Structures are given as structure tokens and as C-alpha cells.
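Numbers restart at 1 for each chain; the letters A, B, ... are given by sequence-line order, proteins then strands. All values reported here derive from a predicted model rather than from experimental measurement.
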There are 2 protein chains.
Amino acid sequence: MTKRTIGAKRRLNETRILEAAERVFAERGYSAASTAAIAAMAGLPKANLHYYFRTKQALYRRVIENIIAKWVETSDPIRTDADPKAALSSYIAGKIDYSRLHPHASKVFASEILHGAPTISERLSGDLKIWLDGKCRVIEGWIAAGKMARVDPRHLFFIIWAATQTYADFDVQAAALLGQRNLRAGDYQAAREMVTAMVLAACGLA
Amino acid sequence: MTKRTIGAKRRLNETRILEAAERVFAERGYSAASTAAIAAMAGLPKANLHYYFRTKQALYRRVIENIIAKWVETSDPIRTDADPKAALSSYIAGKIDYSRLHPHASKVFASEILHGAPTISERLSGDLKIWLDGKCRVIEGWIAAGKMARVDPRHLFFIIWAATQTYADFDVQAAALLGQRNLRAGDYQAAREMVTAMVLAACGLA
DNA sequence: GTCTATAGCGCGATAGAC
DNA sequence: GTCTATCGCGCTATAGAC
């Protein structure tokens, strides 16, 4: 065994544990998620999980950090040099895609915030606020340039997040009320079209 | 002690327990909420709580049932004989008020759905689906009468719920990103105005 | 109806052999 | 690195005195 092989195995096991943890945390919530269940889903004995991640809290923190990183990435289309209508449409489409493709990640994040954000409250009022401030300045720049109607950029983001993430976080409710077992591709498409129409109209871009 | 007095005491204690439970379930989630914490917040010994509600699950079910009843009530403005613009505006305003005044209730419901709705899945695909079907027929009636633009009524509801309830469920996030400790009256007003503008525009009622 | 004390159990975490 | 066995804690729920 070379050092490189050992490192590869560590990375492989860590990845499997992180994926299993994201799923179990999403389905049960932090407290009800047992390390035994996560280990079983990752195909490892429970003691091995504690070898790679000393505590449940440390494992959870790693899961959350990964999710935040992806969450921030989805806002890449919001750039000063972009066209507001195209940028907002692309942003919404990306958020809906994320809800469809990564519902577990969205749910873990939602559960964290829902119960007071104990793990990431410093980040919310720290680097994530700074990140959002920057994105809001982009919107304000578009408004100042007369490219779109005057709206409160922060509430615009809050409402876009809510309207897109609800199709991941509350997929069970939406499916049940649609008389289905799961959400289908057409449901996400209808959601994307409706959210886009509402946002563009509110921004005077329809 | 007359029988009436005893019944009054039972109702008083049950109410105090239910209010405490709603709060603790909202703050910690079902699993992390201990019956000891609920009893302490209600000002009772733990054993007394189990005297009034035999199991934690039974107490939780009662909390959820009460929340659903209030949730259904908020849709009262959606009536066939109402004016679409006034009805939707009133509905959204009521939902925002509910988020401001009953954030705990909204969070308990959100947490229930988020983790797969184990307690109310039958209701979601049963009487709640029938209730929503009725409300959707009202919207479809308005569309058929040419009173508003053609939209998918179910997705319209999903998005209104998401955009209004996010100010209760994710209040911690919104406050932190606004650089505040809590949401203020003005924040809810801004939210109401923005959601209303978006919905009315999407429905051709602006 | 109220309260103290505790039974019973599941979970996080670790020791220690391999 | 891996795994079995187990410790210790905190929780739900109840027994039984008052």
C-alpha cells in the first residue's frame, strides 16, 4: 500500500459517508439521524464512521459546509455585465434544477435554518451577508441604470429562494396535493415558468 | 371541586401544554424536543404532561392538527363570489400576518413536511387534497369567466405558500442577511407588497 | 390530580483486539 | 484501517406514594 492509495481510500470512504449523511440528515433531521443509520447506508460499521469523523456534529458541519458552497455557486448568473432578464431567468432555472437534482441538500439546509441555524449563524451574519450584499449591489446597479423596475433586492432574493426551494423542501406536500407519488419533470418545468413569469413581471422585464 | 371546575383545569393545563409543545417542537424539531423541556416550559412536572397526553407522539399529533385547522382557515378569502384581485391580496396579507404572528406553528408544519410528513401523509393526499381541489376550482372559475389570466392554480398556491411562509420558517436567515436580530414590522410589510405585486402581475391583475 | 423515583431503552462514542 | 463489544448518558414512559 502506498501513501497515495491510503489517501485515496480515505477520500473514497469520506465521500461515501458524506453522501449517506446528507441523505439521512435530510430524511430524519439532525437529532433523529443516528450515526448507525448513516454508517449502514454508507456500507460501513458504525465505529468506522467515527474513525473518519470523530463526532456526529463534525460530520454534520462538513455536510452543511458543502451545501453552502453549492448554494452560493448557483448565484453565478447574477453579474453586473449580464442582462437582467437573462440573468434572472437563468438563476431561477438553476435553482429549480438544483431542487430537482439535489433535494436532500436543500432539505438539510432548510432544516438547519428552520431550527435557528445553530451551526451556521455566524456565517449567515458574516460572509454570507457580505456575499448577498454584493449580489444586491448588482441588482441595484441594474435599477440605477434603468434596466429594470425598482424592487427591494433582498426580498427579491428571499422570495426567489422560497419559491424555488419549496419544490425540494416540500416535494412530498406538492406531490400529494397534485395526486402523485413524486414530482415529475413537467412539474418542475411548470414551476420554473411560473416563478420566472412572476419575477420578471415584478421587475418590469416581462 | 365541582366537575365543571375539574374540566376547566384540564382544559387550562392542556392548553398550556399545547402552547409550550408548539414552541419547543418549532425550536428543536420533533426528535430533539424532550417532554421534559415541554413540561418545564408549561410549568408542570414531566409526569403531569404524560398524564394529559399519554405519549409524545399523541401530543405532537394534537399540535399538528390544530395547526392544519388554522392553515385551512387562512384560505377563506378565496371564494367564487369574491373579486380575484381583492381576494388574492387579502389571502396573501393573511398569510404574511400568520407568519408574523404564529411563526412557531408555521415551523412545526414545515418541519413535518420537510421530513416526509410521516404524521399527516394520509391527510395530504386525502381531505387536504380535496380542500385544495375546491380552491383550485374557484381560481379556474375566475379564469373561465375572463376575470384573470390563465395560470396553473396549484403552482400558484405552492408559490404563494412558499413566499409567505418563508418569513416564518426562515425568519432567522432573513433577519441575519438583513443585518438585524429579528424581522420587524416593516420587513413583513415589504414582503407582503412584493409578493402581492408578483402574484397580481402573474395573474394579469396588476 | 400531582409528584418522586426509576425502569427500560437507544444512542454517541470509545476501548482494544486484529 | 477495521471491527466487536461495551460504557455511559439522556430520553420516554410509568409505578406508586400522597
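- Close to D/dT2, at under 4.0 Å from its OP1 or OP2, lies a side-chain N or O of A/Tyr52.
- Minimum atom distance to the side chain of A/Thr35 is reached by C/dG12, of the listed C/dG12, C/dT4, D/dT4.
- Counting to the nearest Å, the C1' atom of C/dC9 and the NZ atom of B/Lys56 are 14 Å from each other.
- Protein atom CZ of A/Phe25 is 12 Å distant from nucleotide atom C1' of C/dG12, rounded to whole Å.
- The B/Asn48 side chain lies nearest to C/dT2 when the options are C/dG12, C/dT2, D/dA15.
- When heavy atoms are screened at a 4.0 angstrom cut-off, A/Ala39 is found touching no nucleic acid atom at all.
- Summarising the geometry, the separation between CZ on A/Arg28 and C1' on C/dG12 is reported as 15 Å, rounded to the nearest angstrom.
- Taking only side-chain nitrogens and oxygens, A/Asn13 comes nearer than 4.0 Å to OP1 or OP2 of D/dT2.
- Going from atom CD1 of A/Ile17 over to atom P of D/dT2 covers 9 Å, rounded to whole Å.
- Among the nucleotides D/dA13, C/dG12, D/dC3, the one closest to the side chain of B/Thr55 is D/dA13.
- Computed from coordinates, the B/Arg10 CZ to C/dT2 C1' distance equals 13 Å when rounded to whole Å.
- Just one residue in the list B/Thr74, B/Asp97, B/Thr164 forms a side-chain contact (heavy atoms from CB on, under 4.5 Å) with B/Ile92, and that residue is B/Thr164.
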* Report the C-alpha distance between A/Tyr167 and B/His155 in whole Å, list the side-chain angles of each, state the deciding distance to 0.1 Å, and finish with yes or no for ring-ring contact (aromatic ring centres under 6.0 Å, His included). => CA-CA 10 Å; A/Tyr167 287 92; B/His155 288 280; 5.6 Å; yes
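- C/dC3 atom P lies 14 Å from atom NZ of B/Lys46, rounded to whole Å.
- Looking at A/Lys9, its side chain has no donor and acceptor atom pair within 3.5 Å of the base of D/dG1.
- In this structure, A/Ala32 and A/Arg54 both approach DNA chain C, and ranking their closest nucleotides by distance from the 5' end singles out A/Ala32.
- The neighbour count for A/Arg23 CZ, taken as heavy atoms of other residues, nucleotides or ligands under 6.0 Å away, does not exceed 12.
- Taking atom OH of B/Tyr51 as the reference point, atom P of C/dT4 lies 17 Å away to the nearest angstrom.
- When the P atom of D/dT12 is taken as reference, atom OH of B/Tyr30 falls 8 Å away, rounded to whole Å.
- In this structure, A/Lys56 forms no cation-pi arrangement with A/Phe25, as its terminal cationic atom is not both closer than 6.0 Å to the ring centre and no more than 45° off the ring axis.
- For A/His50, a side-chain nitrogen or oxygen approaches OP1 or OP2 of C/dA13 to under 4.0 Å.
- Nucleic acid contact for B/Ala58: none, since no nucleic acid atom lies under 4.0 Å from a heavy atom of the residue.
- By the 4.0 Å N-to-carboxylate-O rule, A/Arg79 lies close enough to A/Asp81 to be salt-bridged with it.
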